[in-house]
Amino acid sequence: MPLIELKDISKYVLHDINLTVQDNEILVLVGPNGAGKSTILNVIAGLIDYEGSVHFDGKDMNGIPTHKRGVGYLFQDLALFPHLTVAENIAYGLKVQGYDNSVIKTRVDELVGALHIGKLRDRYPINLSGGEKQRTALARAIAPFQKILLLDEPTASLDAQTAKYLRAELCSLLRKFNMTAIFVMHDLLGAEEIADRIAIIHKGRIEQVASPKEILFEPKTNTVYEFIGMPNILNCDQCRVLSSGLIEVQSGDMRMILPYEGDTISKIAISPHDIYLSDTKPPGPALNRYSGIVSDIIPMRSIVRIRVNVGGNSLMVEMSRESFGEMDLEIGKEVFIIVKLRRLRYFQI
Amino acid sequence: MTFKRLAIAFSIAVFLLYAGLILSIFYFCKGNLFLATLLSARTLFSIKLSLFTATVVTVMSVFFAIPSAYALSRYKFFGRQIIDTTLELPMIVSPVALGALILIFFNTPVGGLFQEGGVRIVFTVYGILLAQFVTTVGIATRLIKAAMDEIPQQYEQVAKTLGASPLKAFFTVVLPLSKRGIIASGVLTWAKALGEFGATITVAGSMALKTETLPIAIFMRLANADIEGTAVLVLIIIGLGLGTLYGVKFFAGKRTYV
């Protein structure tokens, strides 16, 4: 039975949202600002009124107030209680729910240990760094044995490296405590790292709910396709393992040598901004470098999109207006492209 | 002169104004007279009455102000703006007018019912309490509301997601975080009640050893051209007021969270 079920939810920008989240699943809501992602979390938590119905494990939650829903919520700005220490913040939910002091102590010890904040337990939030605040807020959100955790852009305020590290840690914690989680994120790349499924939200509607691979390789609507950065999807006709960790793939007349542990790849996604384009032949070995013919030039506000026919494939390349201005590009002209291997994503049937 | 020095000079000038006025009292304060006036039954009664009414009124005002301030800070309801604006009545209407309002009310048929109900208000200690309450409760509410407005509502939302009922969230999050504002409001309410004169004398009169609070006693001594006695009472009321303010600032101002 699905743990969370939203039926015909409407509120503010949201229109007839139907969404199911399975037990122990990590679902990530991704979409532009104002799409209604946070509103969905607020509806699930019961923080706002709404039309439609919310069910947890088949039980109708309509009319049940927030404090009786048993939903942990990690807000974007964390909102750690400034008058309580780290340990008191974590213990807060257990205290107000009337747990025994022995249970509270054991749970707080377990969480400060799991999140590596044991040394901070007597500090006040004002004396914590961004990452320490995140860990404390997370420990507080899951402390009262919540089964569901809602996270509203929990890593948005952190630098990329810390955010990546914390996301990985979050995931392992969620698995460890058998929690069902709904994240709100801006960043599709971050979502891919942690999500079992991704829901793309646009203007209050769910455009697609699917696994990260499906979203990337089989976008159902133009909105999704545009949101994921209009990747070039190449079908792989042949694959040949060269050595451990390297594979040669042929798509049309393009041959690519890629770092890959498996023995077959059926599709490759290349983001338009992960392809270098030059009007002169680049120096160096010809590996993963191709020549092609410009078939279309689409000027946008700050970038220019250039469609290039390469070995039977039509690739979209993105570059800044400044870079475009420095090249003398026109339709029919021969150009050279280099693919950034590190950012490639693969799909294997 | 730099702007910093100029600004500090202004603040010192303001301080000197008050300090000069206070120091001038000592010109009329002779040691024996001070003790004699302080220990007289009439002065001791005034001090006790003033401390008693100011303290009771502070408790009453803060008790009413906390829930009122929370409602005005957090909820949208019909008439909220009208209530919010009406809170400023004690600031824009003179205390004498407020006292007159109370007297007028007790001369209406509805007010008469209260008087006939057994509790005599006019010219009694109850009158002092009511007059001081009317002049302070609006200001207390306004001050506490300002403190609560500063607390992000998200704290309460977090508390609710952690299992706290709205009432528990109020007592465990909102009240502790607005503690400084509530204490400040209480102190100012107490100081204002202690010094309240216009409304009190209008409602409770100036009966010695019955309704004579310290400000009324000062007025009565001044009316009788008793400058020395007036100076002593002024010194007492200043000592009580400033002593309390400095004390509370010292004890309540030690911890900050932000």
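Numbers restart at 1 for each chain; the letters A, B, ... are given by sequence-line order, proteins then strands. No experiment lies behind these values; they were computed from the predicted model shown.
- The shortest side-chain heavy-atom distance between A/T66 and B/T161 falls under the 4.5 Å cut-off.
- Within a 6.0 Å sphere centred on CZ of B/F45, heavy atoms belonging to other residues, nucleotides or ligands number more than 12.
- Using a 4.5 Å cut-off between heavy atoms, A/P65 makes no contact with chain B at all.
- Side-chain atoms of A/Q97 come within 3.5 Å of backbone N or O of B/L162 as a donor-acceptor pair.
- At most 12 heavy atoms of other shown residues, nucleotides or ligands fall within 6.0 angstrom of atom CZ in B/F15.
- For the pair B/P166 and A/H67, the minimum side-chain heavy-atom distance is below 4.5 Å.
- Expressed to the nearest 0.5 Å, how far CG of A/L78 lies from CD of B/Q154 amounts to 9.0 Å.
- Heavy atoms of A/L150 lying under 4.5 Å from chain B are absent altogether.
- Counting heavy-atom neighbours within 6.0 Å of B/F105 CZ, excluding the residue itself, gives a total above 12.
- Taking A/G46, A/G93, A/A137 one by one and counting their heavy-atom pairs under 4.5 Å with chain B, the maximum is reached by A/G93.
- With sequence neighbours left out, B/Q157 forms a side-chain hydrogen bond (donor to acceptor under 3.5 Å, both in side chains) with no residue at all.
- Taking a 6.0 Å sphere around NZ of A/K11, one finds it holds more than 12 heavy atoms contributed by other residues, nucleotides or ligands.
- Between A/P82 and B/Y155 there is a side-chain heavy-atom pair separated by less than 4.5 Å.
- When side chains are defined from C-beta on, B/V158 does not count as touching A/Y73, because their heavy atoms never get closer than 4.5 Å.
- Within residues 81-97 of chain B, no residue has any heavy atom under 4.5 Å from a heavy atom of chain A.
- The 12-atom threshold is exceeded at OH of B/Y70, counting heavy atoms of other residues, nucleotides or ligands nearer than 6.0 Å.
- Residues B/V173 and A/Y92 meet the side-chain proximity criterion, which asks for heavy atoms closer than 4.5 Å.
- Listed for the B/K168 side chain is a donor-acceptor partner under 3.5 Å among the backbone atoms of A/V96.
- Annotation: A/K95, atom NZ; neighbour count of heavy atoms from other residues, nucleotides and ligands within 6.0 Å does not exceed 12.
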